[in-house]
There are 2 protein chains.
Amino acid sequence: MSTMNDVAQRAGVSLKTVSRVVNGEPNVSEQTRRKVDAAIAELDFRPNSVARNLRTGRIDLIGLALPYLSQPYFSSLAEEIMREAERHGLTVLIELTEGDAEAELALVREHGPHLGGLLMYPVGLSDAQALTVARTVPTVFISERAYDAHVDRVAMANREGVRALVGHMVSLGYTRIAALGADHTGRPERAAAHLRLDGYRDGLRDAGLPYLPELVLEVGTPHWNRQEGSAGMRRLIEGGIPFDAVVAFADALALGALHAVQEAGLRVPAEVAVAGFDDTDDARYAHPSLTSVAPGRAQIAREALALLNDRMNGTVDQEPGRLVVADFQLTVRESTLGGMAAWGGA
Amino acid sequence: MSTMNDVAQRAGVSLKTVSRVVNGEPNVSEQTRRKVDAAIAELDFRPNSVARNLRTGRIDLIGLALPYLSQPYFSSLAEEIMREAERHGLTVLIELTEGDAEAELALVREHGPHLGGLLMYPVGLSDAQALTVARTVPTVFISERAYDAHVDRVAMANREGVRALVGHMVSLGYTRIAALGADHTGRPERAAAHLRLDGYRDGLRDAGLPYLPELVLEVGTPHWNRQEGSAGMRRLIEGGIPFDAVVAFADALALGALHAVQEAGLRVPAEVAVAGFDDTDDARYAHPSLTSVAPGRAQIAREALALLNDRMNGTVDQEPGRLVVADFQLTVRESTLGGMAAWGGA
DNA sequence: TTGTAGGCGTTATCAA
DNA sequence: TTGATAACGCCTACAA
């Protein structure tokens with residue numbers, strides 16, 4: 001690799017002049033600029049970002065800490081974030097935490113000081129630990145859980161999204177709407193479940209429908225997967241409790257429910273309507289295709305990077321602790337609306 | 001952040017002595033070492049890797065270039081690679097190419113010179129471009145396509161895997177076995193399709209079965225998704241060509257096929273057996289659960305990092321161009337074996 | 001066993 | 001508009 005020095009010699013100018021041209025600074029004559037540009041091209045010079053970072057103390061590398069990459073929500077979130085980071089001229093270093101507080105902390109201890117910023121989807125972190133993280137490196141959380149510690153955060157419209165889902169069901173004439181995925185442990189890391197249940201209650205209230213505890217299904221583990229969804233739905237069916245719709249708090253739960261409902265010989269949506277949350281690809285390709293709430297992944301990525309950028313550049317005097325809630329979108333498909341769309345369609 | 005200088009002052013020793021302690025070099029008295037360690041702890045000193053890298057020219061950062069992250073195969077591969085990289089003390093910087101040769105090259109131009117190594121799943125790269133990449137930075141390809149340019153490579157057992165799949169079908173008594181996902185364009189970037197078709201022929205030959213072109217289904221696009229699988233299968237069914245098994249070249253195709261077969265009122269596996277390739281989570285959770293070939297992701301990650309590590313450290317005198325083919329595993333589930341396993345089981 | 005001098009490639013300072 | 005010189009934090013070579 002050629003260095004700035006090589007370019008300077010070749011162009012017959014000083015080091016600093018090359019630096020000026022490279023960084024687009026003013027006060028360089030057009031003629032000099034051309035000479036330098038030519039030399040840069042000839043030598044295929046590329047600035048050494050390591051050296052640049054050392055000198056400026058600014059780092060164009062941000063960390064992205066996620067529990068997993070193999071779950072559709074996280075991998076598509078990661079994709080969006082990487083695209084957005086590129087727009088900001090930032091490079092993304094991905095770390096997996098597996099949802100373990102110790103791993104989340106270790107990562108920050110290890111890499112934090114050498115990162116320009118950090119986007120984290122915290123799982124196990126306590127309030128105190130969250131503060132430690134945010135003190136080590138400019139941080140933005142992507143999380144449904146609110147932290148006491150003041151950290152900038154981007155969240156989904158959990159409550160409003162489910163509320164709209166229930167409203168949609170009601171508008172189609174369904175009245176005995178089950179909720180799938182509730183949590184009654186009250187543990188803070190299950191905030192998404194709590195907020196979505198709140199939204200479910202809101203939706204019922206909007207419609208003047210009663211809240212029936214027997215229609216609210218908890219699932220065995222905090223993992224919202226198809227098996228849990230399927231098992232939960234089977235319990236409801238076997239319990240003989242009448243219902244005509246299911247609002248699941250995640251697409252995976254909804255897909256499991258879909259399976260159990262169909263296995264029980266019930267037609268979807270003629271006899272039972274089903275909807276999910278997340279709008280994953282699986283929802284689009286399911287049979288029937290699944291109505292779902294799209295949480296605005298692109299916006300989440302955009303907002304998260306905007307907040308982080310502010311912090312990194314110090315271009316904001318507001319205290320950390322800002323909250324942005326992304327807009328959601330209700331994506332209606334066959335599982336609530338019937339056979340209008342073709343299988344696999346949007 | 002405190003620097004080595006701060007530590008040196010605090011401990012009352014020279015900069016170099018601190019450096020020795022930090023890097024675990026010999027020739028430091030136990031007493032001095034303790035003094036320095038104490039100062040390091042008090043100041044919470046962490047070596048600045050930027051400065052270190054600038055000086056040593058060695059970088060513990062590797063790039064991982066993938067076309068997408070939102071497809072299950074790539075996200076789970078990325079997970080495995082990150083786990084393995086951590087074991088090697090390497091940090092992973094992920095880049096998305098979207099399968100575009102220009103993006104693949106740009107990424108290498110931009111970041112290549114400042115990376116310790118690169119793992120790439122090339123898609124659009126020509127032979128000449130592959131050489132450019134490998135010259136810029138120590139590179140290992142994860143790819144089914146063989147490049148003329150000598151670059152180390154890790155691949156799946158495409159041919160052997162499908163051959164085993166066909167053998168499995170034959171052992172269960174199926175004789176009219178369709179292949180789904182063939183490519184007759186011969187384009188090099190579709191090497192996986194070619195090799196898997198070879199494996200299909202091998203399997204038939206092993207069993208003394210004839211190769212019947214009417215049972216070999218091409219899909220419309222190079223994208224192996226459910227819709228393509230479903231459409232392909234429908235063509236076969238509507239064509240009235242008798243068949244009793246389907247070997248799909250990807251799980252997504254198999255899942256689409258499963259759907260089309262069931263929609264046509266055929267029972268799986270009683271009337272038609274179905275199998276895929278990749279062993280994604282979707283295969284495990286499908287209904288019926290899908291028999292598939294597990295391509296050995298963990299081993300692919302392990303071998304790729306082993307090869308890359310060799311190159312980065314120069315601990316190998318072999319020319320680049322080594323090839324490692326990962327072991328595969330046939331995962332038999334309900335879609336070929338019947339209702340022995342519970343839905344959602346392994 | 002310990003320390004000094006110099007330099008990695010870039011940007012910042014200040015003078016010309 | 002340009003350039004000489006110092007500095008970022010660390011490691012290597014060599015000297016003490």
Side-chain angles (χ1 to χ4, degrees), chain A residues 1-40 43-61 89 91 110-116 137 312-314, chain B residues 1-40 43-61 110-116 137 313:
Chain A
M1 284 297 289
S2 46
T3 75
M4 264 194 184
N5 241 320
D6 303 334
V7 177
Q9 271 193 311
R10 174 131 195 154
V13 298
S14 83
L15 196 60
K16 179 60 202 174
T17 301
V18 177
S19 174
R20 286 197 180 91
V21 172
V22 168
N23 293 319
E25 288 173 34
N27 295 335
V28 179
S29 74
E30 196 44 51
Q31 190 184 359
T32 317
R33 189 181 299 277
R34 261 202 296 276
K35 259 196 314 193
V36 172
D37 278 333
I40 287 175
L43 295 173
D44 188 31
F45 164 78
R46 322 210 134 256
N48 180 330
S49 59
V50 172
R52 169 180 289 169
N53 293 339
L54 174 60
R55 180 60 242 221
T56 60
R58 193 163 277 167
I59 321 184
D60 54 1
L61 185 69
T91 305
E110 181 74 15
H111 294 291
H114 313 308
L115 292 174
V137 51
M312 287 170 63
N313 302 329
Chain B
M1 285 297 290
S2 45
T3 75
M4 263 194 183
N5 241 318
D6 303 334
V7 175
Q9 270 192 312
R10 174 129 194 154
V13 299
S14 82
L15 195 62
K16 178 60 207 179
T17 302
V18 178
S19 171
R20 286 199 180 91
V21 172
V22 169
N23 296 322
E25 289 173 35
N27 296 334
V28 180
S29 74
E30 197 45 51
Q31 189 184 359
T32 318
R33 187 180 299 275
R34 261 201 297 275
K35 260 197 310 194
V36 172
D37 278 332
I40 287 175
L43 296 173
D44 189 29
F45 164 77
R46 321 198 140 264
N48 179 328
S49 58
V50 172
R52 171 182 288 168
N53 292 339
L54 175 60
R55 180 59 240 220
T56 60
R58 189 165 282 165
I59 325 182
D60 55 1
L61 187 69
E110 181 76 13
H111 294 290
H114 313 308
L115 291 174
V137 49
N313 302 330

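Sequence lines set the chain letters: A, B, ... in the order given, protein chains first and strands last, and positions in each chain run from 1. Everything numeric in this text was worked out from a predicted model, so none of it was measured.
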Discussion item. By nearest atom, which of the nucleotides D/dT2, D/dG3, C/dT11 is closest to the A/V13 side chain?
Written reply: D/dG3

Practice prompt. May I ask you to evaluate whether A/S14 reaches the phosphate of D/dT2, defined as a side-chain N or O under 4.0 Å from OP1 or OP2?
Written response: no

Worksheet item: Touch check for A/V22, heavy atoms < 4.0 angstrom, all strands: base, sugar-phosphate only, or nothing?
Response: nothing

Worksheet item: Taking the nucleotide of DNA chain C with the closest heavy atom to each, which residue, B/S29 or A/F45, is nearer the 5' end?
Response: B/S29

Worksheet item: Can you tell me if B/N23 uses its side chain to pair, donor with acceptor, with the backbone of B/E25 under 3.5 Å?
Response: no

Worksheet entry | Minimum-distance nucleotide (side-chain atoms of B/S19 versus D/dC11, D/dG9, C/dT10) | D/dC11

Discussion item. Using a heavy-atom cut-off of 4.0 Å across all strands, would you classify B/N53 as base, sugar-phosphate, or nothing?
Written reply: nothing

Worksheet item: Looking only at side-chain N and O atoms, does B/N27 come under 4.0 Å of OP1 or OP2 in C/dT2?
Response: no

Worksheet, complete the sentence: To the nearest angstrom, the CD-P distance between A/Q31 and D/dT1 comes to 13 Å

Worksheet entry | Length of the line joining B/D6:CG and D/dC8:C1', which is rounded to integer Å | 13 Å

Worksheet, complete the sentence: Between A/G89 and A/D60, the two heavy atoms sitting closest are O-CB, 3.9 Å

Response to the item:
Atom CG of A/N5 and atom P of D/dA6 are separated, to the nearest Å, by 15 Å

Worksheet item: Do B/R55 and C/dG7 share a donor-acceptor pair, side chain to base, under 3.5 Å?
Response: yes

Worksheet item: Hey, does the side-chain of B/R20 have a donor or acceptor N/O within less than 3.5 Å of a partner on the base of C/dG3?
Response: yes

Worksheet item: Which part of the nucleic acid does B/N48 contact within heavy-atom distance under 4.0 Å: base, sugar-phosphate only, or nothing?
Response: sugar-phosphate

Practice prompt. Quick one: label A/S49 by what it contacts on the DNA or RNA (base, sugar-phosphate, nothing), any heavy atom closer than 4.0 Å.
Written response: nothing

Worksheet entry | First of B/M4 and A/V28 reached from the 5' end of DNA chain D, by closest nucleotide | A/V28

Item to complete: Rounded to the nearest angstrom, tell me the gap between atom CD1 in A/I59 and atom P in D/dC8.
Response: 16 Å

Worksheet item: Any side-chain N or O of B/T3 less than 4.0 Å from the OP1 or OP2 oxygen of D/dG9?
Response: no

Worksheet item: Measuring from B/L61:CG to B/H111:NE2, what's the distance to the nearest 0.5 Å?
Response: 9.5 Å

Worksheet, complete the sentence: One should read off an interatomic distance between B/L54 CG and A/N53 CG, to the nearest 0.5 angstrom, of 10.0 Å

Practice prompt. For D/dC10, take OP1 and OP2 only and decide whether either is under 4.0 Å from a side-chain N or O of B/T56.
Written response: no

Worksheet item: When rounded to the nearest 0.5 angstrom, what is the spacing between CD1 in B/I40 and CG in B/D6?
Response: 11.5 Å

Discussion item. Just the rounded figure in Å: distance from P of D/dT1 to NZ of A/K35.
Written reply: 15 Å

Worksheet item: OG1/A/T3 to CG/A/L43 distance, rounded to the nearest 0.5 angstrom?
Response: 9.0 Å

Item to complete: Write down the distance between CD (B/E25) and C1' (D/dC11), rounded to a whole number of angstrom.
Response: 8 Å

Worksheet, complete the sentence: In whole angstroms, the gap separating C1' of D/dT1 from CZ of A/R34 amounts to 16 Å

Discussion item. Taking the nucleotide of DNA chain D with the nearest heavy atom to each, does B/A51 or B/K16 sit closer to the 5' end?
Written reply: B/A51

Worksheet item: CG of B/N23 versus C1' of D/dT12: gap in Å, rounded?
Response: 11 Å

